[in-house]
Amino acid sequence: MRISHPMHRWLAGLLLSAASAVAMAQAARPHVVVLATGGTIAGAGASAANSATYAAAKVPVDKLLAGLPELASVARVSGEQVFQIASESFTNDHLLQLGKRVSALAKQADVDGIVITHGTDTLEETAYFLNLVVRTTKPIVVVGSMRPGTALSADGALNLYDAVGVAASKDAAGKGVLVTMNDEIQSGRDVSKTINIKTEAFKSQWGPLGMVVEGKNYWFRAPVKRHTSASEFNIDEIQALPAVDIVYGYGNMNTTGIEAYGKAGVKALVHAGTGNGSVAAQAVPALQALRAQGVQVVRSARVPDGFVLRNAEQPDDKYDWVVAHDLRPQKARILAMVALTKTNDSKELQRIFWEY
Ligand code: DAS
């Protein structure tokens, strides 16, 4: 279409140059890939009052991203729907598939950061797994929400906005896998879901690494345990994860579970003991029998904070058992599985539990 009037031509030129300036600015922004797996952040409730009663894993990733136009000012965002499940249903196969996709994307020169949207129930396990096996310094951020997007005061939108912002940030590189929930930036290694019905659910006994406020990151500490590019583990070399399960300690403890897992052929059994990883006297022989069959025994604790002291509640040197250090049972299971892909030597396993 030919524009005749000089003023109109000038205006059209102005609009065109403004549009191209915006396009150039957008093209210059970091490229963040959002891998969606389901969970409450993709959930939907029957009414706005349903903050805790809803169906998880309903909203597809393109709808999640379309609902957050503010992301355009933070990064160039592309989305992939890897799974659409509630995270309590994650299996080792899901972990492997997701880990391999994250690893492949991290190798791409045109990808600057990766966000994984995830259910909150096992978010801490996936975050720790990726922290152990994805060899990259690029920011990887796992994010969820405690309320569905349909609820009053839903937390998912700001959590996702924060996650993309952190994943697009150069200052988030090299800090291991991160979790952004409730304005905080948590270490994927340290964080756990500690409250099952509040937006302030995710805590670490060692505290968050920092905070995100209005799209700006404020850092206060950095991880000291090995992770990602400094890890001896590599998802690209892992084709399967060994069976590792958990038994819980409590009053009137019996050995039914321990013996059943032994018969089922676990490669390691995590014992979530009372106190500082204590084991009931009547359970010790059953664990010793497992060890004699070549099964690794990892002493963790049902008490959430602190750390299990080696040779304190049990003579670990004598029994050839491993202690989980400060890792909660569900995290100890993740590390035991990954470590067993490399070694079945209990002294090597203990080294790995000290270092990761
Ligand atoms: N069932 C929970 C899950 O998918 C919902 C959530 O909190 O994300 O982990």
Side-chain angles (χ1 to χ4, degrees), residues 34-65 67-68 79-99 101-102 114-131 140-164 166-167 177-204 208 246 304 328-331 333-334 337:
V34 175
L35 298 178
T37 72
T40 294
I41 196 167
S47 81
N50 288 124
S51 60
T53 308
Y54 55 85
K58 292 294 174 202
V59 179
V61 64
D62 51 353
K63 206 166 167 216
L64 280 181
L65 299 178
L68 259 180
E80 287 182 24
Q81 193 76 45
V82 185
F83 315 122
Q84 185 68 295
I85 59 174
S87 74
E88 62 270 25
S89 305
F90 253 63
T91 65
N92 287 349
D93 289 342
H94 289 115
L95 282 180
L96 288 169
Q97 185 181 336
L98 180 63
R101 186 62 190 136
V102 172
I114 298 162
V115 168
I116 295 109
T117 59
H118 196 291
T120 58
D121 287 9
T122 63
L123 188 150
E124 65 206 76
E125 297 174 42
T126 299
Y128 189 36
F129 176 73
L130 298 173
N131 196 59
I140 300 172
V141 186
V142 190
V143 64
S145 72
M146 293 299 290
R147 296 175 180 155
T150 48
L152 292 172
S153 301
D155 56 329
L158 183 55
N159 287 351
L160 181 52
Y161 177 77
D162 288 345
V164 172
V166 171
V177 172
L178 303 169
V179 174
T180 56
M181 293 289 287
N182 196 41
D183 307 325
E184 293 180 334
I185 309 172
Q186 296 274 6
S187 156
R189 176 194 184 274
D190 300 341
V191 77
S192 283
K193 183 174 181 178
T194 61
I195 308 171
N196 57 22
I197 204 160
K198 290 170 102 176
T199 52
E200 61 186 282
F202 282 75
K203 306 273 181 203
S204 152
I246 304 169
R328 292 182 177 187
Q330 58 273 25
K331 299 238 184 186
R333 173 182 165 269
I334 295 291
M337 284 197 300

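Because the structure is predicted, anything quoted here is derived from the model rather than measured. When a ligand or atom number is given, it counts from 1 through the structure's own listing order. Counting begins at 1 with the first residue of the sequence.
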Quickly, which of I195, D155, N182 forms a side-chain contact (heavy atoms from CB on, under 4.5 Å) with M146? Name it, please. D155
Looking at G39, which atoms of ligand 1 are within less than 4.0 Å of one of its heavy atoms? 4 (O), 8 (O)
Shortest non-hydrogen contact from F129 to L95? CE2-O, 3.4 Å
Are side-chain heavy atoms of S87 and E125 found at a separation under 4.5 Å? no
Mind checking the CD-CD spacing from E184 to Q186? Nearest 0.5 Å is all I need. 5.0 Å
Which residue and heavy atom of the protein sit nearest atom 6 (C) of ligand 1, plus the separation: T40 OG1, 2.5 Å
Show which atoms of ligand 1 fall inside a sub-4.0 Å distance from at least one heavy-atom site of G119. 3 (C), 4 (O), 8 (O), 9 (O)
Considering non-hydrogen atoms only, spot the tightest contact between K331 and E124 and give its length. NZ-O, 3.3 Å
Identify, for atom 1 (N) of ligand 1, the protein heavy atom at the shortest distance, and state residue, atom and that distance. E88 OE1, 2.8 Å
Nearest protein heavy atom to atom 7 (O) of ligand 1, by residue and atom, and its distance? T120 OG1, 2.4 Å
Indicate yes or no: does an N/O atom of T122 lie under 3.5 Å from an N/O atom of ligand 1? no
For atom 4 (O) of ligand 1, what's the nearest protein heavy-atom neighbour? Residue, atom name and distance, please. S87 N, 2.8 Å
Report the C-alpha separation of F83 and H94 in whole Å, then their side-chain angles, then the decisive distance to 0.1 Å, and conclude whether the side-chain contact (heavy atoms from CB on, under 4.5 Å) test is met. CA-CA 8 Å; F83 315 122; H94 289 115; 3.6 Å; yes
